[in-house]
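Values reported hereafter were calculated over all heavy atoms of this structure, with side chains retained and with hydrogens, waters and symmetry mates removed. Residue numbers start from 1 in every chain, and the chains themselves are labelled A, B, ... in the order their sequence lines are given, proteins ahead of strands.
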Amino acid sequence: MSSFYDKIYEVVKQIPVGRVTSYGAIAEYLGSKGGARMVGWAMNSAHNLKEHIPAHRVVNRNGMLSGKHHFPGENMMQELLESEGIIIINDQIQNFDDVFWNPVTELHHLL
DNA sequence: AGCCTGACCTAGG
DNA sequence: TCCTAGGCCAGGC
């Protein structure tokens, strides 16, 4: 019920298909640079919601699928991303710079 | 109320 | 370049 989480979900839902962003970028956009860990925590609670949150489009700053282990199955997160055209090798997004979506520059006038 | 933890990030050695 | 430590904030026990 915390507005912080709601904002996180709002941002995550804005991520276009085939694009990804990072925990830190979302936290920075929300004004809590050190709150990157909270973004991951929010994702942990996200599956509890009825609403579909594309948590698979959120990775760490290095473009690595650090949260894949929290998805059902082995490569669920990777398969979801690959189905959107993202290239992943060894849990690492290859064209990360191309698909990276920065909420700070894309949503600067929203929320 | 206090302590531990976590899907992170940055800085210093 | 790899490894360690600290900060950050909310939730669970």
**Student:** Output the rounded distance in Å from CD1 (A:Ile8) to C1' (B:dG6).
**Tutor:**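 In whole Å, B:dG6 C1' and A:Ile8 CD1 are 13 Å from each other.
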**Student:** So A:Tyr9 and A:Gln14, do their side chains get closer than 4.5 Å, heavy atoms only?
**Tutor:**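 A:Gln14 vs A:Tyr9: side chains apart.
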**Student:** Is there a donor in the side chain of A:His56 and an acceptor in the side chain of A:Gln78, or the other way round, less than 3.5 Å apart?
**Tutor:**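 Note: A:His56 and A:Gln78 side chains miss the donor-acceptor criterion.
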**Student:** Looking only at side-chain atoms of A:Arg61, point me to the closest of B:dC9, B:dC8, C:dG11.
**Tutor:**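 From the listed options, B:dC9 comes nearest.
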**Student:** Between A:Lys13 and A:Glu10, does any NZ, NE, NH1 or NH2 come within less than 4.0 Å of an OD or OE carboxylate oxygen?
**Tutor:**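 Looking at A:Lys13 together with A:Glu10, the answer is yes, because their closest N to O distance falls below 4.0 Å.
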**Student:** What is the nucleic acid contact for A:Gly35, judged by heavy atoms within less than 4.0 Å: base, sugar-phosphate only, or nothing?
**Tutor:**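 No contact at all - A:Gly35 keeps every heavy atom at 4.0 Å or more from the nucleic acid.
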**Student:** What is the distance from CH2 of A:Trp41 to P of B:dC9, rounded to the nearest Å?
**Tutor:**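 It works out to 16 Å between those atoms.
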**Student:** What is the distance, to the nearest angstrom, from the NZ atom on A:Lys7 to the C1' atom on C:dC9?
**Tutor:**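 From A:Lys7 NZ to C:dC9 C1': 14 Å.
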**Student:** Please state how far atom CD1 in A:Ile26 lies from atom C1' in C:dC8, giving the value in whole angstrom units.
**Tutor:**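 About 16 Å, once rounded to whole Å.
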**Student:** Is there a continuous path of hydrophobic side-chain contacts, each under 4.5 Å between heavy atoms, that joins A:Leu65 to A:Val12?
**Tutor:**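 Each belongs to a different hydrophobic cluster.
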**Student:** Among B:dA7, B:dC8, B:dG6, which nucleotide sits nearest the side chain of A:Ala36?
**Tutor:**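 Out of B:dA7, B:dC8, B:dG6, the nucleotide with an atom closest to A:Ala36's side chain is B:dC8.
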**Student:** Just the rounded figure in Å: distance from P of B:dC8 to OH of A:Tyr23.
**Tutor:**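 Whole-Å distance recorded here is 6 Å.
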**Student:** Applying a 4.0 Å non-hydrogen cut-off, can you work out what A:Ala55 is touching in the nucleic acid: base, sugar-phosphate, or nothing?
**Tutor:**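 Base, at least one base heavy atom under 4.0 Å.
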**Student:** Does the pair A:Lys68/A:Glu74 count as a salt bridge with the N-to-O cut at 4.0 Å?
**Tutor:**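 No salt bridge links A:Lys68 with A:Glu74.
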**Student:** Heavy atoms under 4.0 Å, any strand shown: does A:Asn60 hit a base, just sugar-phosphate, or nothing?
**Tutor:**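 The residue A:Asn60 makes sugar-phosphate contact but no base contact.
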**Student:** Between C1' on C:dC9 and CG on A:Leu30, what's the gap in Å once rounded to a whole number?
**Tutor:**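 Rounding to the nearest Å, CG of A:Leu30 and C1' of C:dC9 are 13 Å apart.
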**Student:** Can a side chain N or O of A:Ser22 be found less than 4.0 Å away from OP1 or OP2 on B:dC8?
**Tutor:**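 No, because none of the side-chain N or O atoms of A:Ser22 sits under 4.0 Å from OP1 or OP2 of B:dC8.
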**Student:** State which of B:dA7, C:dC9, C:dC8 makes the closest approach to the side chain of A:Met38.
**Tutor:**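 So the nucleotide nearest the side chain must be C:dC9.
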**Student:** Without decimals, in angstroms, what is the distance between A:Asn44 CG and B:dT5 P?
**Tutor:**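 Checked: the CG to P distance equals 16 Å.
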**Student:** Tell me the partner of C:dC8, counting only Watson-Crick (N1-N3 plus N6-O4 or O6-N4) or G-U wobble (N1-O2 and O6-N3) with both under 3.5 Å; none if nothing fits.
**Tutor:**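 In the structure as shown, C:dC8 has no Watson-Crick or wobble partner.
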**Student:** Within this structure, what is the CG-to-P distance between A:Asn48 and B:dA7, rounded to whole angstrom?
**Tutor:**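 Rounded to the whole Å, the gap is 17 Å.
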